[in-house]
Amino acid sequence: MIESPSILLDGNPVPYRPGETLLEVATRAGQDIPTLCHDPRLEPMGSCRTCLVEIEGWPRLAPSCATLAEPDMQVTTANPRIQRHRRLLFSLYLADHPTEHEACEDGAPCELHHLAHRHNADPNWPHMEPLRADRPGDRNPYVEFRADRCILCARCTRYCDEVEGVNAITLTGRGSETTISTSDQISLMDSSCELCGGCIAVCPTGAMAEKMPLVAGAPPERELQKVRTTCNYCGVGCQLDLNVDPSADEGRGRIVKVTSPPPGTITGDGNLCVKGRFAYDFVHHPDRLTTPLVRQPDGSLAEATWEEAIARAAAGLMGVRERHGSDALGFVSSSRCTGEENYLIQKLARAVFGTNNVHSCAAT
Amino acid sequence: MSSQEEPSTPSPTPIRAEIPDALLEAGGLKPGASRAVSSQTGIPEADIFGVGSFFHLLAEPHIKVRICQGLSCQMAGSDKLLQQAKATGLPAAGCSCLAACDRPVAALRDRTILPDLTGTDLERAGGDWKSLQSEALGTSENWKGVVGPADTPTEQLVIDLSSDTDFSGHALSRAQELGPDGVIEAIETSGLQGRGGAGFPAGFKWKAVRSEARTPRYLVLNADEGEPGTFKDREVLLRRPDRVVEGLLVAARTVGAQAIYCYLRGEFGGPWRALETAFDRFEQAGLCDGISWHLHAGHGAYICGEETALLEALEGKRGMPRLKPPFPTQVGLWGQPTLIHNVETIACVPEIVLRGGEWFDNLGRTGPGTKLYCVSGDVEQPGTYELPLGISLDDLLQVAGGMRGTLKAFSPGGASSGFLPASERHRPLDFQSLKEVDTMLGSAGVVVLNKQADLAQAVRAQLEFFAQESCGQCAPCRIGTRFQARNLETLLASTRAGTTREQIQEVAWEMNEGSICGLGQIASLPLTSALRWFPEIFEP
Ligand SMILES: Cc1cc2nc3c(=O)[nH]c(=O)nc-3n(C[C@H](O)[C@H](O)[C@H](O)COP(=O)(O)O)c2cc1C
Ligand code: SF4
Ligand code: SF4
Ligand code: SF4
Ligand code: FES
Ligand code: FES
């Protein structure tokens with residue numbers, strides 16, 4: 001057996017698989033290294049500089065997110081030099097960011113504020129008005145960019161390129177005027193954007209934010225209840241978190257946004273599409289059916305239980321088969337159905353009703 | 001090319017490399033331009049916009065006149081000229097050093113550098129940018145600076161700026177006799193250190209690239225000269241393009257590079273023509289066989305002089321430096337092994353090959369070789385002087401006609417070297433000796449300031465320069481450069497001076513530790529060196 005290589009992490013030997021970054025090895029070993037530009041779905045950029053570690057024999061601190069483990073590397077993740085670096089780096093970040101932690105978190109939690117606090121940053125350094133341009137007047141209904149909060153980690157642009165393959169947004173300008181923009185600052189609606197909202201999901205600061213809850217004045221995310229569920233728009237079955245404002249609608253609660261669970265924790269890897277992320281308002285729509293309805297002899301619809309409704313449908317189907325034969329029936333399953341549900345419907349068609357007339361609308 | 005040397009990786013994506021030029025052709029980043037280039041190239045529109053917006057000469061097509069706000073030009077009154085230009089209705093803005101600090105005030109009309117610009121010139125243009133001329137220049141666009149010293153025997157000169165060009169290809173023949181190992185040995189013996197700023201031993205890089213198994217390998221010429229106070233590469237390209245091209249051909253053959261890419265700053269029209277002509281001459285003589293050469297223009301971004309930002313720009317991306325390691329010798333242009341050199345470094349190669357490494361080594365005073373020192377500011381004869389490596393400021397001033405006024409401070413090597421006091425005038429201007437006082441030789445762009453000079457304004461100019469030219473990708477530099485510029489104002493207004501001083505040192509430490517590239521790492525030096533050597537300018 002070949003012995004797996006290892007690094008010396010803060011003095012302890014830790015094995016690694018070739019191709020792993022120092023951040024991955026250290027995280028697996030339980031070390032808590034701060035990161036801002038890192039996302040496991042993206043190629044490392046190494047630009048936020050929060051994850052720097054010391055490597056024996058290297059003159060400069062190295063970004064652990066972008067440095068591959070090598071045999072017998074001696075890596076230090078915390079010492080006075082690194083702690084000083086983190087404290088000063090986060091102090092600089094805060095000088096260029098809304099200073100009030102709570103006010104900054106009107107939407108999603110701000111990873112920057114959390115990390116800055118944890119690493120003893122000085123929040124009282126003179127504040128500089130950011131020079132980053134917003135994209136005012138973008139008429140898209142879902143995504144709001146608030147440049148004052150942006151730390152230019154480029155998670156959004158890289159996500160849009162590398163995961164969505166859409167390239168709708170880009171780092172723009174340079175120096176302290178660098179910002180996130182579409183081509184010519186056009187509305188996302190006029191760009192290649194698919195409104196997947198992934199840029200919002202990856203943003204560590206709430207600079208890229210959901211427009212609807214902001215417009216509606218919904219409470220900040222930290223006051224919302226997260227309810228894990230499965231998106232019912234299609235058979236992919238992405239997991240998502242409904243974010244419920246528990247006090248809304250006289251205490252009945254109201255979904256005010258949808259977030260994606262962290263990558264690596266679920267199928268779908270935290271990715272959603274425009275429907276899963278933004279098309280949740282049907283849930284509270286007055287026209288929405290909430291119980292089965294059964295047609296009455298006079299043509300009106302009356303509320304019924306599931307048992308009644310299913311019995312009624314079954315009786316109807318059986319009647320057609322008796323009068324016209326099995327092949328008078330056809331079954332079409334919804335594209336929202338999962339593979340298992342599609343299996344069941346063909347089972348129903350073939351084994352119960354005895355017809356091969358079965359189809360899924362997702363097949364087209 | 002033998003079949004073994006076929007690219008072992010997917011071929012490069014030249015279409016992306018053409019983005020900046022395509023935008024230039026479209027008249028700059030006007031509304032709709034990225035979409036048009038996108039439909040020509042198939043590259044996403046936003047990517048094109050991101051690239052174009054990085055380069056000032058593309059991003060602001062409406063600005064037709066730029067007046068240098070570099071230190072040497074400011075000392076000659078360029079800030080007032082800029083105000084005047086705007087007042088006369090010219091579509092004008094300031095810009096960073098134009099590598100013409102020996103002929104201040106330097107200005108840019110579209111992409112043409114106009115040296116020695118005066119208020120009278122601006123008046124004469126009468127608000128029409130197309131008719132802006134520098135009277136000192138006349139209608140010619142070919143101009144050169146002063147070079148010297150005049151009386152040095154040729155055997156003691158490596159680049160020899162004032163001699164005639166020589167396209168005989170003697171050095172190439174000699175290199176062929178020596179073979180690649182012999183050439184590398186000569187370069188190593190010479191002790192030649194990179195002239196682009198870092199002073200890294202050239203032989204080491206040649207060996208590294210040659211020993212890489214992967215092909216193709218590339219050779220890149222760094223002619224993006226932009227360090228404030230530096231204009232030597234301009235003179236080398238204008239006067240001895242033969243040395244540059246022959247040096248490139250020797251290097252390419254030695255390390256096994258089949259393609260040479262030259263990246264010239266976009267304002268270098270004259271040097272471009274000179275280099276192109278020299279390539280043509282060598283090509284006609286059959287000396288370029290098997291090697292392709294390409295010239296690329298920059299579009300206004302100092303950071304693209306940093307070697308990995310330069311590679312990104314060559315590939316048609318935003319000029320943001322890459323993480324190192326890996327170094328370009330391993331993973332360079334399009335991911336392939338790449339040798340990158342500064343113009344002056346490459347121009348040293350032919351004579352080293354012809355006369356031997358020891359000859360070169362012995363030329364220097366405290367380090368190997370001669371060095372092109374640029375001197376500007378309060379000096380009688382600003383210009384480019386080829387002198388033994390390790391001469392002192394006094395020696396330099398002597399060949400440059402002496403000071404104007406009494407010496408107060410000087411920058412030994414561009415904005416990146418901060419300031420030194422007059423008491424350091426005897427210190428050898430070499431890579432090692434300057435390190436001892438926490439500064440560097442850098443590009444040897446020496447700027448001298450006399451007692452009348454406003455040192456606080458000089459510090460401000462340098463800090464503004466770094467804030468303007470930071471690529472913006474990493475926080476210590478993007479935020480730190482701006483923060484230090486602001487701290488300077490706080491100090492000068494002497495409010496909160498105590499905490500501000502402390503903060504300046506802390507931020508300087510963090511910028512050095514945390515920044516990705518050399519720009520951010522040293523960008524506090526103008527301020528911290530002023531605090532160290534000239535504390536009186538911050539006294540209330
Ligand atoms: C911010 C920055 C700007 C630079 N600008 C230049 C430049 O304009 N020209 C140059 O030759 N090298 C420049 N360099 C140095 C290059 O990164 C690199 O070291 C050099 O091109 C290598 O060539 P050499 O070994 O011949 O010096 C710069 C470095 C930094 C960090
Ligand atoms: S919503 Fe999706 S497609 Fe649109 S910009 Fe954001 S990540 Fe890109
Ligand atoms: S918008 Fe968010 S994800 Fe995008 S660069 Fe700014 S902080 Fe990062
Ligand atoms: S140090 Fe400055 S110039 Fe260099 S990569 Fe960072 S932001 Fe860009
Ligand atoms: S997380 Fe490593 S540099 Fe940003
Ligand atoms: S050209 Fe103006 S300072 Fe260099």
Side-chain angles (χ1 to χ4, degrees), chain A residues 36-37 44-50 52 58 60-63 66-67 81-82 84-97 122 124-126 128 131 151-154 157 160-161 166-186 191-193, chain B residues 29-35 38 43-56 59 301 303 318-325 466-483 486-487 490 496 499-500 503 506-507 509-516 520-521:
Chain A
L36 281 173
C37 67
M45 174 142 175
S47 66
C48 79
R49 314 307 282 169
T50 54
L52 301 189
W58 291 35
R60 297 207 151 266
L61 298 173
T67 308
R81 180 183 178 201
I82 296 170
R84 183 180 183 198
H85 153 68
R86 289 177 186 164
R87 174 172 57 80
L88 294 172
L89 176 64
F90 285 122
S91 303
L92 272 175
Y93 267 120
L94 287 184
D96 186 42
H97 190 80
D122 186 342
N124 298 317
W125 281 15
M128 297 186 290
L131 301 177
I151 56 165
L152 296 167
C153 65
T157 57
C160 190
D161 295 358
V166 165
N167 299 61
I169 48 176
T170 175
L171 284 170
T172 302
R174 107 179 164 214
S176 44
E177 289 179 19
T178 312
T179 189
I180 303 296
S181 165
T182 51
S183 173
D184 289 345
Q185 290 272 37
I186 53 177
S191 75
S192 55
C193 172
Chain B
L29 202 65
K30 295 176 176 151
S34 342
R35 183 156 290 186
S38 171
I43 296 164
E45 190 181 349
D47 288 11
I48 293 164
F49 187 76
V51 172
S53 67
F54 188 87
F55 296 97
H56 283 181
I303 190 56
R318 291 166 57 78
M320 303 191 302
R322 299 175 181 172
L323 303 174
K324 292 192 270 193
F466 287 122
Q468 284 290 318
E469 298 296 337
S470 159
C471 85
Q473 72 169 319
C474 71
C477 170
R478 177 184 69 243
I479 307 173
T481 48
R482 198 170 160 226
F483 200 79
R486 192 198 145 106
N487 270 338
T490 315
R496 293 166 44 98
T499 42
T500 304
Q503 238 165 45
E506 294 270 80
V507 171
W509 183 90
E510 170 54 21
M511 288 170 71
N512 179 36
E513 286 280 6
S515 294
I516 290 177
Q521 286 159 11

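In the text below, chain A, chain B and the rest are named by the order of the sequence lines, each starting its count at 1. If you're wondering where the values come from, they're calculated on a predicted model, not measured in any experiment.
Using a 4.5 Å cut-off between heavy atoms, B:S515 contacts chain A through its backbone alone, with no side-chain atom that close. The part of A:L52 that comes within reach of chain B is its side chain, from C-beta onward, which places non-hydrogen atoms under 4.5 angstrom from that chain. In this structure, no portion of B:A59 lies under 4.5 Å from any heavy atom of chain A. Using a 4.5 Å cut-off between heavy atoms, A:L36 does not touch chain B at all. For B:Q468, the part lying near chain A is the backbone, with the side chain staying farther off; criterion is any non-hydrogen pair under 4.5 Å. Both the backbone and the side chain of B:I516 come within less than 4.5 Å of a heavy atom in chain A. If you measure heavy-atom distances from A:R87 to chain B, the contacts under 4.5 Å come from the side chain alone. Of the atoms belonging to B:R486, it is side-chain heavy atoms, and not backbone ones, that fall under 4.5 Å from chain A. If you measure heavy-atom distances from A:S183 to chain B, the contacts under 4.5 Å come from both the backbone and the side chain. Contact of A:P44 with chain B is not made at all, since no heavy-atom distance falls under 4.5 Å. Only the backbone of A:A168 comes within less than 4.5 Å of a heavy atom in chain B; its side chain stays farther off. Residue A:T182 touches chain B through its backbone alone, counting heavy-atom pairs closer than 4.5 Å. Neither the backbone nor the side chain of B:F466 comes within contact range of chain A; no heavy atoms are under 4.5 Å apart.
With respect to the salt-bridge test (charged N to carboxylate O, under 4.0 angstrom), the residues B:E513 and A:R49 do not qualify. The pair A:R174-B:E469 meets the salt-bridge criterion, with a side-chain N (NZ, NE, NH1 or NH2) lying under 4.0 Å from an Asp/Glu carboxylate O.
Options B:L29, B:T481, B:L323, B:N487 differ in how many heavy-atom pairs under 4.5 Å they form with chain A, and the most are formed by B:L323. Per-residue counts of heavy-atom pairs under 4.5 Å with chain A were compared for B:A33, B:A467, B:A301; the largest is that of B:A301.
Under a cut-off of 6.0 angstrom, the local environment of CZ in B:R35 is sparse, with at most 12 non-hydrogen atoms contributed by other residues, nucleotides or ligands.
In this structure, the side chain of B:R318 engages the main chain of A:L171 through a donor-acceptor pair within 3.5 Å. Side-chain N or O atoms of B:S470 include none that pairs as donor or acceptor with a backbone N or O of A:G175 at under 3.5 Å. Between the side chain of A:D184 and the main chain of B:P31, no donor-acceptor pair closer than 3.5 Å is present.
Nearest approach of A:T170 to B:A46, heavy atoms of both residues: CG2-O, 3.2 Å. When all heavy atoms are compared, the tightest approach of B:E510 to A:L92 is CG-CD1, 4.2 Å.
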